Q: 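Right, I'll just put the structure down here and ask away after.
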Protein chains: 2
Amino acid sequence: MRIGELAERAGTTTRTLRYYESRGLLPARRAGNGYRAYDEDDLRLVQQIRTLQDFGFELEETRPFVECLRAGHPAGDACPASLAVYRRKLGELDSLIEQLQAVRAQVGAQLARAELEAAAERPGGPEPRCELGG
Amino acid sequence: MRIGELAERAGTTTRTLRYYESRGLLPARRAGNGYRAYDEDDLRLVQQIRTLQDFGFELEETRPFVECLRAGHPAGDACPASLAVYRRKLGELDSLIEQLQAVRAQVGAQLARAELEAAAERPGGPEPRCELGG
DNA sequence: GTAAAGGTTGACGCGGACGTCAAGGCAAGC
DNA sequence: GCTTGCCTTGACGTCCGCGTCAACCTTTAC
């Protein structure tokens with residue numbers, strides 16, 4: 001198939017596929033007229049990349065999976081290098097989630113505090129209803 | 001104080017402060033020689049921006065806080081517009097954390113599956129030890 | 001013959017928050 | 001007077017994954 005069909009079947013654009021090729025991830029054979037020619041294996045390859053990208057993998061991180069597929073393995077994650085990327089990504093996700101939860105807690109605390117202070121100013125002047133403000 | 005001192009005291013660079021100014025967040029008075037002149041209020045302003053940036057706020061999202069401070073309020077989050085940004089950010093953080101946890105679960109599942117399949121191939125040929133692959 | 005719909009390469013644009021370099025002015029110490 | 005260090009503006013570079021445009025070629029349909 002040609003690039004337009006591959007793009008459509010993979011749910012992406014021709015520009016994206018050419019970009020993958022420029023990064024060495026998706027080498028293409030050429031037909032006599034210079035058009036890029038792809039087969040079903042190439043489709044699976046693109047689908048593998050897209051799946052990982054949806055997970056938030058950078059393009060470069062998909063390379064081991066792609067090379068694994070091109071080496072003839074039935075799945076992109078059938079190689080040790082791919083598993084290593086999985087594990088590294090899990091660690092990154094864990095620490096990122098942890099960070100975000102910490103930030104969420106801090107922002108939540110700031111909001112609560114600011115709302116309290118605003119409520120203390122609003123109703124009838126500076127007259128806090130609790131034991132704040134001594 | 002001049003820009004170098006402000007940058008140092010705020011833990012950032014002169015380039016960053018000039019960038020803030022170009023975005024209209026940090027207007028500077030000028031000394032007779034053309035040098036930018038800042039005071040302690042400007043320092044607090046920069047610190048407010050930096051704190052929010054550390055929380056992952058975009059620069060534009062810090063604007064309400066900055067305007068609140070410049071309006072004379074003792075805190076950048078003493079204004080309704082700032083509270084609105086806090087609330088919006090909390091929502092964004094929650095959905096982002098949720099997404100990341102979902103991705104983490106999927107990647108974890110992929111890793112577990114791939115490890116199982118690898119273990120089934122490795123030890124002594126395709127001989128699964130559990131009830132898999134029957 | 002020609003228009004439309006695909007394809008090709010090359011190159012610039014984008015967004016965000018700056019880094020970095022160039023060419024020069026100003027202040028202070030020796 | 002000269003060096004050193006800080007300041008000024010202006011402009012280009014960075015990273016990433018493409019979008020978009022230009023100028024041109026190939027194939028197909030009418």
Side-chain angles (χ1 to χ4, degrees), chain A residues 1-39 42-43 45-66 85 88-89 92 96 99 103, chain B residues 1-39 42-43 45-66 85 88-89 92-93 96 103:
Chain A
M1 80 192 88
R2 296 180 304 182
I3 196 169
E5 185 181 346
L6 178 59
E8 192 173 6
R9 290 180 63 186
T12 183
T13 67
T14 60
R15 178 69 184 91
T16 295
L17 298 182
R18 289 193 197 98
Y19 179 65
Y20 290 170
E21 181 176 346
S22 79
R23 302 283 91 192
L25 287 171
L26 183 62
R29 289 173 305 285
R30 296 303 177 112
N33 53 13
Y35 287 13
R36 291 171 176 84
Y38 303 95
D39 57 23
D42 291 318
L43 173 59
L45 207 148
V46 175
Q47 287 170 335
Q48 170 77 82
I49 298 176
R50 293 264 101 196
T51 299
L52 295 175
Q53 290 247 87
D54 289 345
F55 284 166
F57 285 52
E58 292 179 12
L59 207 48
E60 205 45 48
E61 294 177 316
T62 71
R63 194 176 295 276
F65 296 81
V66 166
V85 174
R88 186 160 49 77
K89 209 67 191 177
E92 290 176 15
L96 179 55
Q99 282 182 49
V103 167
Chain B
M1 79 192 89
R2 296 180 304 184
I3 196 169
E5 185 181 346
L6 178 58
E8 191 173 7
R9 291 180 63 186
T12 182
T13 67
T14 61
R15 178 70 184 90
T16 295
L17 298 182
R18 281 192 272 261
Y19 178 65
Y20 290 171
E21 181 177 345
S22 78
R23 301 285 90 191
L25 287 171
L26 183 62
R29 289 173 306 285
R30 297 302 178 112
N33 53 14
Y35 287 13
R36 292 170 175 84
Y38 304 95
D39 58 22
D42 291 319
L43 173 59
L45 207 149
V46 175
Q47 287 170 335
Q48 171 76 84
I49 297 176
R50 294 264 101 195
T51 300
L52 295 175
Q53 291 247 88
D54 288 345
F55 283 166
F57 284 52
E58 292 180 11
L59 206 49
E60 206 45 47
E61 294 177 316
T62 71
R63 194 175 295 275
F65 297 80
V66 167
V85 174
R88 186 160 50 76
K89 210 67 190 176
E92 289 176 17
L93 281 168
L96 179 55
V103 167

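All chains are named by letter (A, B, ...) in the order of the sequence lines, taking the proteins before the strands, and each is independently numbered beginning at 1. We use all heavy atoms of the structure for the numbers below, so side chains are in, but hydrogens, waters and symmetry mates are not. Small disclaimer: the values here were computed from a predicted structure and weren't measured.
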Q: Calculate, to the nearest 0.5 Å, the distance between atoms CG and CG belonging to B/Asp39 and B/Asp42 respectively.
A: 4.5 Å
Q: Side-chain N or O of A/Arg2 less than 4.0 angstrom from OP1 or OP2 on C/dA5?
A: no
Q: Among the candidates C/dT8, C/dA17, D/dT8, find the nucleotide nearest to the side-chain atoms of B/Tyr35.
A: D/dT8
Q: Out of D/dG17, D/dT9, D/dG19, which nucleotide sits closest to the side chain of B/Arg36?
A: D/dT9
Q: Does C/dG16 have OP1 or OP2 under 4.0 Å away from a side-chain N or O of B/Gln53?
A: no
Q: Does a side-chain N or O of B/Thr13 approach OP1 or OP2 of C/dG19 to a distance below 4.0 Å, or not?
A: yes
Q: Please check the phosphate of C/dC18 (OP1 and OP2 only) for any side-chain N or O of B/Tyr20 closer than 4.0 Å.
A: yes
Q: What's the closest nucleotide to the B/Thr14 side chain, out of C/dT8, D/dC7, D/dT8?
A: D/dC7
Q: Can you tell me how far apart CZ (A/Arg63) and CD1 (A/Ile49) are? Round to the nearest 0.5 Å.
A: 9.0 Å
Q: Looking only at side-chain atoms of B/Arg18, point me to the closest of D/dG19, D/dT9, D/dG17.
A: D/dT9
Q: D/dC18 phosphate, OP1 or OP2: any side-chain N/O from A/Thr12 under 4.0 angstrom?
A: no
Q: Establish, with yes or no, whether the OP1 or OP2 oxygen of D/dC12 is under 4.0 angstrom from a side-chain nitrogen or oxygen of B/Arg15.
A: no
